[in-house]
Amino acid sequence: MASSPTSSTSVESLLKENRIFAPTGAQAAALGGAAVSSVDEYKAMHARSIADPSGFWGEVAQDFEWFTPWSSVLEWHCPDARWFVDATTNICHNAIDRHVLDGHAHAVGLIWEGEPQAHGLPEIRHLSYGELLDEVSRFANALKSLGVVKGDIVTLYMGMVPELPIAMLACARIGAAHSVIFGGFPAPSIVDRVLDAKSRVIVTCDGAWRRGSVVPLKQNVDEAIALLSAQAHNVEHCVVLKRTAQEIPWNAARDQWWHDVVAHASTDCACEAVDSEDLLFVLYTSGSTGKPKGIRHTTGGYMVYTAFTARMTFNLKPNTGQVFWCTADIGWVTGHSYIVYGILPNRVPTLMYEGAPNFPAEDRFWEIIERHRVTHFYTAPTAIRAFMKWGEEHPKKHDLTTLKLLGTVGEPINPEAWIWYHEQIGASRCPIVDTFWQTETGGHVITPLPCVTPTLPGSCTVPFFGIDAAIVDEHGTEMPANTGGLLVIRKPWPSMLRGIHGDRPRFIETYWSRIPGMYLAGDGARRDERGYFWIMGRVDDVINVSGHRLGTMEVESALVSHASVVEAAVVGMPHEIKGTGIAAFVTLGPGGTPSDALKSELREHVASVLGAIAKPDMIRFTNALPKTRSGKIMRRLLRDIAAGRDSKQDTSTLDDLGALAALRGNDE
Ligand code: PRX
């Protein structure tokens, strides 16, 4: 593993903008007051949260309802944490039931907007906490009637429809875990994940709307189920929500419509009392090997941390007209934590949009903000760069004055995009929170507190409460200010991953073995003299494409599974919109002839294995890949070639200088 940053967003480019954006009184007034009174108060609270995590989190957890209390707040035997030991609760109770019990049954909890605009207006649904409770309870009973029991993992492969969070909460309600698979993944990705989770029940939709077309979800599931039976895994039930209403294949022994299974289900379903450490969900994410890893999150710690980060980082306050919109897909952790689990307990309506940002036109997001009077908008730098490219005339067409806070997540934000976001979307008045976190961390770990932390474009600023973040060298020694190193977290926090599903050795090896006793995030970063963090990008063989993690080995395996390819090396390269694009260097076998047609075929082939996200942006054919004498592909060299940089690296260990010369001369 190289310890140099691999991201295209270099420190140099981040340093071009060095204005500091101080919080203003007007911002705090708009948000109903800041979450803490000053930077000094943040510092004191942070220091206490590190010195006395049990005291700190024990107090925060009082805001949630528990069925039985904890015997101790934390038990830590690195790398195993148990939070709120022996306590029982249910996250669904805290997200929904408690609001109904507190007299807010009629308050809106979920706002949903569909993509199609048949007669000029899209389909819109407002679901109150009372309605959510009924829908979730019905589906929970339906799952029970299909034989789902506590401890099972139900796979959810759906579009962005309200029934997806309803299904997640229904699983949680009965003590079952879920594994949500992003609807953009093709059948082979479903197969891996269903097998790993041993799911016997899959919930899907007939199709999903995306940019005016139908994504054939049910067809993909059928394909996956066929591949699974060839591997002796039997999916017993497939529940299908009707969304797009096209003809779909049907297996009467296995398939049931959602509307049928809930038709006679009762709205009465008590929340199961689950242990704080019971599995809530598994979510698969790319690692540096070819196989995605199932990140395990448990109930109590995840519930407390995601809802508390949401409250502090976004300054959420119920009953104040706030409408929170996170544009992520629920198939990724951002959607899990900040569309569903972190927002609902705060009793602020969470908005979900089904489709693409440019359908039917490039102003769709701004239209949504205007229509639903969105106050909080949380999106990814890659989306902001696309908005910049589409032009400021699109946001200008709409009334965005309801916005009070903007957020970003998923990748380093380049200062140009930050400033554009601040000026064009936030009208230079909304604070921006650049939140750094990961599937593994469950919630924000480095982030400003709005109206408190002065912000610098490109920096995710300071650690959240309970996060003992540091930049260290290979030996775990802290680096001096402004020196790049490895980002680690030295203390446990409530929503930290509890493991990789079914793979303890990989859990230890990936996060805990390189620097014993510390959680290794896998990112390079530096901390400036103010103590602010600047993320420089992944230091492993993972690239961050449009804010989504992709293992280069996954893309390489997909390429090599094509009949013409014998060897492939994949690296990240700078990309104007995506942040990092995918460059593939490919060696063909005797049957393969380099051509543009073959390049397109390979791109489509990768998409059919890993999804459209993984399509290489650039493919170069080569007779040989540059390797060291011990046979390792020289990736840093390939990164330089892909970026068009003149490599000044030492090539003395390179085995085949001819291969390098050929690559340099071979343009796309
Ligand atoms: O490289 C970091 C980048 O995204 C990675 C985590 O990806 P994932 O687990 O898919 O979760 C993404 C959404 C939480 C990190 O290791 N990353 C995430 N947020 C930021 C970021 N890089 C820089 N700045 C951020 N704010």
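Counting convention: from 1, in listed order, for ligands and their atoms alike. One is the number of the first residue; the rest follow in order along the sequence.
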Checklist entry - Rounded to the nearest 0.5 Å, what separation is found between the OH atom of Tyr338 and the OG1 atom of Thr309? => result 2.5 Å
Checklist entry - Can you list, by chain and residue number, every protein residue with a non-hydrogen atom closer than 4.0 Å to ligand 1? => result Val333, Thr334, Val409, Gly410, Glu411, Pro412, Asp434, Thr435, Phe436, Trp437, Gln438, Thr439, Asp523, Ile535, Arg538, Asn544, Arg549
Checklist entry - In this structure, which one of Glu416, Glu411, His575 forms a side chain to side chain donor-acceptor pair (under 3.5 Å) with Arg385? => result Glu411
Checklist outcome for this item: Across all chains, not counting sequence neighbours, the salt bridge (charged side-chain N to carboxylate O under 4.0 Å, His left out) partners of Asp329 are none
Checklist entry - How long is the gap from CD1 on Ile467 to OH on Tyr519, to the nearest 0.5 Å? => result 10.0 Å
Checklist outcome for this item: Applying salt bridge (charged side-chain N to carboxylate O under 4.0 Å, His left out) to Glu576 and not counting sequence neighbours gives none
Next on the checklist: Checking Glu354 now: which residues fulfil salt bridge (charged side-chain N to carboxylate O under 4.0 Å, His left out) with it, not counting sequence neighbours?
Outcome noted: Arg243
